[in-house]
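Letters A, B, ... mirror the listed sequences (proteins, then strands); counts begin at 1. Keep in mind the model is a prediction, meaning the values are calculated, not measured.
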Amino acid sequence: MTEQQILDHISRGDETALDYLYKKYYPMMTKMVLKNNGTVEEANDVYQDALIVFWQKAISGDLKITSKISTYLYSICKNCWLKELSRKKRLSYTEQEGSIVQSDPEDIISKVVQDAMEVLGDPCKSVLTYYYFNEMSMSEIAARMNYSNADTVKAKKYKCKKRLDVLIKKNYTQEDFFN
Amino acid sequence: MKSEDQEEAIAQYLTRRMSEVERSAFEKKISESPQLAQKIEFEKQITQGIKNYKKGILKSRLDQLELGPSIVETTSITTKIILAGITVIVIGGLSYFMLTPDEILVIEKQETMIGTDGITEDKNEKISLEIDTSYLMLIDKKEDEKTPSITKDIENTTVKVTTKQSKKELKSDNVIFQAEVEVVLPDMDETEISFDVAFDSLQDFSDDLIKNQAQINSVTELEVEIEMKKTKKLKYIYVGEKLILIGDFSTSLYQIIEDNMIAEKKLYLYFEQEYYILTKTSEKKVLIPVSDIRLLDYLLDLRNK
């Protein structure tokens, strides 16, 4: 597959292109982490994060790529690993200080949102991920999901988001209460 | 502003769907209303939550992908010992030769000489294959057992696998390909090696390679020998058509990649996710991993072909 073909597949949301890229660059990208004091798990994690960053940029049309995919991916990977290293350093410093590491409130909300998305189910799940993650336009979502037009999607998205908000507020108060 | 319109505006703001003009007008509104600012802060986290949700789905998709033993480092020690005895040669960056699952099954039946017909994808020419396997002595002799195993007494055993492949009826020169691997296994724990496990991995790996099998188009004869040493440093000697790899090569598969696409033929070694350039040397030379990203990319393509 040529680089352009890969990008075309991504822009169509074809997730097999993600699999293809993952396998293709696995040794090269994970090696960078492994060589810089990372474990196999960390290497996998960082590479997956980097690839998803790349995927999201490519799918939302936010990618202005002037180099080869591998070079671009490598630089994202490197940044992700540097970020992770500094997070680890901060964490070990906090542990030395003896303070209790508390869960990040953002992580809690994220978990609540994820649970709510599962409860929500399809088609809301798809409409919302297409809108927020893929950053697809209303007409693109309409075409992808066989809705008659962009306005239908807009109304659907509004209803789905409302339902999600209700679920989140319900769970978030509970979560809040338990914490 | 109606509640629905405000919701839409927030969503557009957070997903960068606003134009520059709309954006600065909206930001002005936010600065004037702490209530709106607070709402946006909360919505931002929900947006991030939705993104993380999708990210989680994609990550678990990637986790489930089979990378194959040639990519994943964590193959079991049982598999590694068997696999270490197999050399893969890529001729012209295109051709792979491998023991196929059928041949392995024959080995399991303890036959010493095997003639197998294989067909290349491009020319449908027959390949005759002979496998001289003196490592059969390692197989547990109990014939009744369904899973023969290599037992603990493989300590310091010499494993020798010789593979020969000759191509007949070729228009130009005959192609004779030979890979000889000699492995002296180091001290082993009392590990019992299940052949089932080893064969399964081997089959996956060879399936992968067979897909990539292509036409043999050059004359090559390379003899690879392994000198097992429990050291971290990997070294090699490469004289004539003989390559001696020195170090601990029992931990996983290695591949020899021969690049004939350029004027001067070049050899590379792929081992444990690293690529090494092999240059002619009669003295022991330390293997230094390739770090040039362009070359890595090139080699990656070569391997994937």
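Looking at residues two or more places apart in sequence or on another chain, you find a salt bridge (Lys or Arg N to Asp or Glu O under 4.0 Å) between A:Lys68 and B:Asp297.
Scanning both residues, A:Lys35 and B:Pro289, for their nearest heavy atoms gives NZ-CB, 4.4 Å. Nearest heavy-atom pair, B:Gly49 versus A:Ser110, reported as atom, atom and distance to 0.1 Å: CA-OG, 3.6 Å.
Under the 4.5 Å side-chain criterion, counting only non-hydrogen atoms from C-beta, B:Ile50 is in contact with A:Leu164. In this structure the side chain of A:Gln56 reaches within 4.5 angstrom of the side chain of B:Lys51, judged on heavy atoms. Side-chain contact between A:Asp49 and B:Lys55 is present, with heavy atoms from C-beta onward closer than 4.5 Å. Looking at B:Asn52 and A:Lys111, their side chains never come closer than 4.5 Å, going by heavy atoms from C-beta outward.
Screening residues 117-126 of chain A for side chain to side chain donor-acceptor pair (under 3.5 Å) gives A:Glu118-B:Tyr53, A:Asp122-A:Ser126, A:Lys125-B:Tyr53 as the qualifying pairs, with residues at least two apart or on separate chains.
Only the side chain of A:Ile52 comes within contact range of chain B, judged by heavy atoms closer than 4.5 Å. For a residue to count as touching a neighbouring chain, one of its non-hydrogen atoms must lie under 4.5 Å from one of that chain's; by this rule A:Glu15 touches chain B with backbone and side chain alike. Contacts between B:Gln64 and chain A at a heavy-atom distance below 4.5 Å are absent for every atom of the residue. For chain B, the nearby part of A:Asp165 is the side chain; its heavy atoms alone come within less than 4.5 Å. For chain A, the nearby part of B:Phe42 is the side chain; its heavy atoms alone come within less than 4.5 Å. For A:Tyr131, the parts lying under 4.5 angstrom from a heavy atom of chain B are both the backbone and the side chain.
The environment of A:Lys24 atom NZ is dense: over 12 non-hydrogen atoms of other residues, nucleotides or ligands sit within 6.0 angstrom. Annotation for B:Gln38: atom CD does not count as buried by contact number, only 12 or fewer foreign heavy atoms lying within 6.0 Å.
Interatomic distance, NZ of A:Lys162 versus CD of B:Glu7, reported as 3.5 Å (0.5 Å rounding). Here A:Ile168 contributes atom CD1 and B:Gln45 contributes atom CD; the two are 10.5 Å apart, rounded to the nearest 0.5 Å. One distance of note links CH2 of A:Trp55 with CG of B:Leu62; it measures 9.5 Å at 0.5 Å rounding. A distance of 9.5 Å separates CD of A:Gln48 from CG of B:Leu58, quoted to the nearest 0.5 Å. Taking NZ of B:Lys44 as the start and CD1 of A:Ile109 as the end, the distance is 12.0 Å to the nearest 0.5 Å.
Using a 4.5 Å cut-off between non-hydrogen atoms, the part of residues 150-161 of chain A that approaches chain B consists of A:Lys154, A:Lys157, A:Tyr158, A:Lys161. Using a 4.5 Å heavy-atom cut-off against chain A, the contacting residues of residues 13-23 of chain B are B:Thr15, B:Arg16, B:Arg17.
Between chain B and the options A:Thr30, A:Asp19, A:Thr71, A:Asn44, heavy-atom pairs under 4.5 Å are most frequent for A:Asp19. Chain B forms the most heavy-atom pairs under 4.5 Å with one residue out of A:Val113, A:Leu51, A:Leu18, and that residue is A:Val113. Of all the listed residues (B:Glu43, B:Lys59, B:Glu8, B:Lys54), the one sharing the greatest number of non-hydrogen pairs under 4.5 Å with chain A is B:Lys59.
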